[in-house]
Amino acid sequence: MLSSVLIRASLDALFQRGEDLRGRADTILREYGFRATGWGSPMGMHTTDAAIRRASDLEGTDKRPIELLFHEMLERGVYIGKSGFVTLPLPLPLSPPQTPETDERFLTALESSMRVVAEEALQEPSSGSAAPY
């Protein structure tokens, strides 16, 4: 079965879909001071819009908004990793297909979730106490 899935055409298509989806997600995230990184199918969402070249570039960033994003996306029926990691699945015969419609659903959920994340950030007390999320 795997030999019918891991063919050049399906891997190239998966790579390109990941690139396209990440680019569109990055556009949404940057409106809120976040960014998406990755290559092909894997994508990470981060709470900075600064350039990220290595893991140490993320030191000191607040991870709590990504945790809230995880819950907001879940509330909209879209699962992402709690760390903000997303990957597109290989097209397997027994799994639901990833389609342009599922990509749109992901992006719609991301946009509405980021609005909530941004609203929560605005409500964060400035006294240095813990954020509400």
Side-chain angles (χ1 to χ4, degrees):
M1 176 176 81
L2 202 50
S3 63
S4 66
V5 173
L6 288 177
I7 59 173
R8 179 110 188 148
S10 63
L11 293 174
D12 287 347
L14 181 65
F15 179 87
Q16 192 56 55
R17 284 195 56 243
E19 291 288 299
D20 294 343
L21 186 63
R22 188 181 59 262
R24 294 175 66 197
D26 192 51
T27 298
I28 293 168
L29 291 167
R30 284 183 181 256
E31 290 179 32
Y32 299 94
F34 287 46
R35 81 175 308 152
T37 61
W39 190 70
S41 170
M43 171 175 47
M45 294 182 277
H46 310 283
T47 57
T48 180
D49 60 359
I52 302 170
R53 290 178 203 81
R54 60 190 67 83
S56 61
D57 292 339
L58 295 169
E59 287 178 11
T61 60
D62 188 357
K63 308 286 189 280
R64 294 172 298 172
I66 293 293
E67 292 174 12
L68 177 58
L69 178 62
F70 164 79
H71 291 287
E72 289 298 324
M73 294 288 282
L74 205 55
E75 218 172 89
R76 290 158 178 78
V78 177
Y79 179 81
I80 64 170
K82 198 168 185 181
S83 64
F85 188 76
V86 177
T87 187
L88 297 176
L90 284 169
L92 298 174
L94 298 177
S95 65
Q98 187 81 17
T99 64
E101 291 77 21
T102 58
D103 291 351
E104 290 304 319
R105 184 169 162 227
F106 171 82
L107 294 166
T108 299
L110 181 61
E111 176 69 45
S112 63
S113 295
M114 286 305 299
R115 282 195 295 270
V116 173
V117 171
E119 288 172 15
E120 289 293 324
L122 290 175
Q123 295 176 17
E124 183 177 336
S126 58
S127 64
S129 60
Y133 41 80

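We count residues from 1, following the sequence as given.
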Engineer: Take F106 and L21, measure what side-chain contact (heavy atoms from CB on, under 4.5 Å) needs, and give me the verdict at the end.
Structural biologist: CA-CA 9 Å; F106 171 82; L21 186 63; 3.9 Å; yes
Engineer: Membership question, hydrophobic clusters at under 4.5 Å side-chain separation (ILVMFWY): are V86 and L58 in the same one?
Structural biologist: no
Engineer: How about E111 and Y32: do any of their side-chain heavy atoms sit closer than 4.5 Å?
Structural biologist: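 They are in contact (side-chain heavy atoms under 4.5 Å apart), so the answer is yes.
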Engineer: Please name the pair of heavy atoms, one in R22 and one in A36, separated by the smallest distance, quoted to 0.1 Å.
Structural biologist: CG-CB, 3.7 Å
Engineer: Give me the atom names and distance for the closest heavy-atom approach of I80 to L69.
Structural biologist: CD1-CG, 4.1 Å
Engineer: Tell me who clusters with F15, hydrophobic residues only, linked when side chains sit under 4.5 Å apart either directly or through other members.
Structural biologist: W39
Engineer: So how far is it from K82 NZ to M73 CE, rounded to the nearest 0.5 Å?
Structural biologist: 15.5 Å
Engineer: Could you tell me whether the side chains of Q16 and D20 share a donor-acceptor contact shorter than 3.5 Å?
Structural biologist: yes
Engineer: Are M45 and V116 in one and the same hydrophobic cluster, where Ile, Leu, Val, Met, Phe, Trp and Tyr link if side-chain heavy atoms are under 4.5 Å apart?
Structural biologist: no
Engineer: Measure from the side-chain N and O atoms of T47 to the backbone N and O of D62, and report whether any donor-acceptor pair falls under 3.5 Å.
Structural biologist: yes
Engineer: Step by step, work out the side-chain contact (heavy atoms from CB on, under 4.5 Å) result for H46 and T61.
Structural biologist: CA-CA 8 Å; H46 310 283; T61 60; over 6 Å; no
Engineer: For the pair E104 and R24, evaluate salt bridge (Lys or Arg N to Asp or Glu O under 4.0 Å) and give the outcome as yes or no after the intermediate values.
Structural biologist: CA-CA 10 Å; E104 290 304 319; R24 294 175 66 197; 2.5 Å; yes
Engineer: Ion pair present between E119 and R115, side-chain N to carboxylate O less than 4.0 angstrom?
Structural biologist: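 Result for this pair is no, no salt bridge flagged.
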Engineer: With a 4.0 Å cut-off, would you call E101 and R105 a salt bridge?
Structural biologist: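 Salt bridge absent between E101 and R105.
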Engineer: Measure from the side-chain N and O atoms of D57 to the backbone N and O of R54, and report whether any donor-acceptor pair falls under 3.5 Å.
Structural biologist: yes
Engineer: If hydrophobic clusters are built by linking Ile, Leu, Val, Met, Phe, Trp and Tyr wherever their side-chain heavy atoms come under 4.5 Å apart, do M43 and L11 end up in the same one?
Structural biologist: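 In one cluster with M43: L11, yes.
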Engineer: Looking only at non-hydrogen atoms, find the nearest pair between A109 and V78 and report the distance.
Structural biologist: CB-CG2, 3.8 Å
Engineer: Find out whether Y79 and L74 are in side-chain contact, i.e. whether some heavy atom of one side chain is under 4.5 Å from a heavy atom of the other.
Structural biologist: yes
Engineer: Of all the heavy-atom pairs spanning S41 and T87, show the shortest one and how long it is.
Structural biologist: OG-OG1, 2.9 Å
Engineer: On a heavy-atom basis, which atom in L110 and which in A25 lie closest, and how many Å separate them?
Structural biologist: CD2-CB, 3.7 Å
Engineer: Identify the heavy atoms of L88 and Q98 that sit nearest to each other, and give their distance.
Structural biologist: CD2-NE2, 3.6 Å
Engineer: Please assess L29 against R35 for the test side-chain contact (heavy atoms from CB on, under 4.5 Å), listing each intermediate value before the final yes or no.
Structural biologist: CA-CA 5 Å; L29 291 167; R35 81 175 308 152; 5.5 Å; no
Engineer: Working to the nearest 0.5 angstrom, can you tell me the gap between S112 OG and E72 CD?
Structural biologist: 8.0 Å
